[in-house]
Amino acid sequence: MNDPEEGVILEDILKLEKRNPLDPSSWFLMSFTSKTDDLAMWSQYGNNAEGVCIVLNENDFAHYHSLSDLPWYQKNSDKQISHKMNSSVEIPNDISLNESGKELTIIGNENVQISEDKHSTSNNDRDYLYRVAYVHYSGDKFDIEETELFTHEEVTRLKGLLGDLKSELTNYKNSEDLFYKKAIADCIEEIRYLFKSVDYKYEEELRILQYANLNSDNEKIKIDYSPEFGKLYLERKENIQIGEVIFGPKFPNPEYVTPLLKLLDKNIKYKKSTIKFR
């Protein structure tokens, strides 16, 4: 990951004991953006504008309006933790991109750590998309930036919830209780990768999160040996329809590729970016 504060900034805001950065996480991420044919994205992720922007059909992803809509949340909800914290929160996360006229573009596939079925549903295997919140943090103060994916009301509410959580953690009298610390660590682990530094606000990122225990007998986890060291990944169950392929401003000879696209799927649209890229 290119953000050195990835998964850490939430710990700073909440004044939590930081985990060992060498401890691996069992959360796997796949990153997307609502930005299509964007100059900054071509520069950062588009192979210096010689690559392609793959626009996906956002209807192939599942949508939800609150945590209670998620079967894994209903199944794994810990009544002991809920009683001990005396708190129950639902954060709306409706990312219906059709309403805002946005499309969805893949920007990366990254491995990032409490059962295997956390983000699966009994009705279908479509992945849920989570919006990333961009945080400005300095000293004891934090702020969440408004983006095209969050309304002003949602940002205001999210800031309030984080502020309440920070106060709750600060004022809890038995903060050294091992059960309490484990419960907090597990909860934070599920949302730590949904907060990033405001420096990456331009990405307008959305993420798929999948959990897989890092055990040698876990057949869900595959290993890509092409890098210098083995890189772990998960294979998704469901296909995602490609809606459009946008060739980068410096993509060489796109006319060589379009016949293949036409053969694979005649419904895939394609065009070359008109952005001036130097």
Side-chain angles (χ1 to χ4, degrees), residues 1-3 5-11 13-14 25 27-36 38 40-41 44-45 53-73 89-110 112 118-121 126-137 142-165 187-211 236 240 243:
M1 297 181 180
N2 60 351
D3 182 358
E5 296 181 340
E6 183 74 62
V8 175
I9 195 167
L10 194 59
E11 292 177 338
I13 292 174
L14 300 177
S25 172
W27 285 104
F28 289 72
L29 307 183
M30 192 171 186
S31 297
F32 302 83
T33 177
S34 61
K35 298 287 187 180
T36 58
D38 180 82
M41 301 305 288
Q44 188 78 9
Y45 297 103
C53 169
I54 301 177
V55 184
L56 306 177
N57 179 7
E58 62 102 0
N59 290 324
D60 289 339
F61 299 88
H63 299 252
Y64 72 98
H65 296 269
S66 71
L67 292 177
S68 61
D69 291 341
L70 299 176
W72 68 262
Y73 180 82
V89 174
E90 291 184 357
I91 304 176
N93 200 12
D94 180 9
I95 53 119
S96 183
L97 301 184
N98 281 338
E99 296 178 3
S100 60
K102 290 292 179 183
E103 294 171 304
L104 192 65
T105 306
I106 185 171
I107 63 173
N109 191 0
E110 305 161 334
V112 290
K118 268 189 175 287
H119 289 250
S120 63
T121 70
R126 291 193 301 169
D127 294 299
Y128 285 96
L129 283 168
Y130 298 86
R131 294 171 294 176
V132 171
Y134 296 98
V135 182
H136 176 76
Y137 175 72
F142 72 92
D143 195 12
I144 297 177
E145 293 285 316
E146 291 186 31
T147 68
E148 296 179 13
L149 295 178
F150 284 93
T151 66
H152 174 75
E153 291 75 16
E154 288 175 320
V155 169
T156 300
R157 186 177 180 210
L158 185 55
K159 286 164 58 177
L161 290 171
L162 274 182
D164 292 343
L165 180 57
C187 291
I188 296 303
E189 195 64 34
E190 295 195 24
I191 61 174
R192 70 164 66 244
Y193 299 109
L194 299 180
F195 294 85
K196 292 186 68 173
S197 167
V198 70
D199 295 337
Y200 296 88
K201 175 184 175 181
Y202 69 93
E203 293 179 346
E204 297 282 356
E205 186 177 355
L206 304 102
R207 287 180 165 178
I208 290 174
L209 296 172
Q210 289 191 14
Y211 183 91
R236 299 183 59 263
I240 303 177

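Please read all numbers here as calculations on a predicted model, not as lab measurements. In this chain, residues are counted from 1 in sequence order.
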Say you draw a straight line from [atom1] of [X] to [atom2] of [Y]; how long is it, rounded to the nearest 0.5 Å?
| X | Y | atom1 | atom2 | answer |
| --- | --- | --- | --- | --- |
| K159 | D164 | NZ | CG | 13.0 Å |
| R236 | M30 | CZ | CE | 6.0 Å |
| D38 | Q44 | CG | CD | 11.0 Å |
| L14 | C187 | CG | SG | 11.5 Å |
| I54 | F32 | CD1 | CZ | 10.5 Å |
| R207 | L29 | CZ | CG | 5.0 Å |

Should [X] and [Y] count as side-chain neighbours, where that means a heavy-atom distance under 4.5 Å?
| X | Y | answer |
| --- | --- | --- |
| F150 | E145 | no |
| Q210 | D127 | yes |
| Y200 | V132 | no |
| L129 | I208 | yes |
| M41 | E204 | no |

TODO: Output, in order, the C-alpha distance, side-chain angles, deciding distance and verdict of side chain to side chain contact (heavy atoms under 4.5 Å, CB included) for F61 and I240.
DONE: CA-CA 8 Å; F61 299 88; I240 303 177; 3.3 Å; yes
Open item on the list: Please check this pair: side chain of K201 against backbone of E146, looking for a donor-acceptor N/O pair closer than 3.5 Å.
Closed with: yes
Mind listing the closest non-hydrogen atom pair of [X] and [Y] along with its distance?
| X | Y | value |
| --- | --- | --- |
| F142 | I13 | CD2-CG2, 3.7 Å |
| E205 | L149 | O-CD1, 4.1 Å |
| S197 | Y134 | O-CD2, 3.4 Å |
| Y193 | E6 | CD2-OE2, 3.7 Å |
| A40 | Y202 | CB-CD1, 3.8 Å |
| R126 | N59 | NH1-O, 2.9 Å |

TODO: May I have the step-by-step check of side chain to side chain contact (heavy atoms under 4.5 Å, CB included) for L162 and F195, ending in yes or no?
DONE: CA-CA 11 Å; L162 274 182; F195 294 85; 3.7 Å; yes
- [ ] Take L209 and L194 through the side chain to side chain contact (heavy atoms under 4.5 Å, CB included) test and state the conclusion after the steps.
- [x] CA-CA 10 Å; L209 296 172; L194 299 180; 4.0 Å; yes
Open item on the list: Before you tell me yes or no, could you show the steps for V8 and E11 under side chain to side chain contact (heavy atoms under 4.5 Å, CB included), namely the whole-Å CA-CA distance, both residues' side-chain angles and the distance that decides it to 0.1 Å?
Closed with: CA-CA 5 Å; V8 175; E11 292 177 338; 4.2 Å; yes
TODO: Would you sort out whether Y45 and E203 count as a side chain to side chain donor-acceptor pair (under 3.5 Å), showing the intermediate values?
DONE: CA-CA 10 Å; Y45 297 103; E203 293 179 346; 2.5 Å; yes
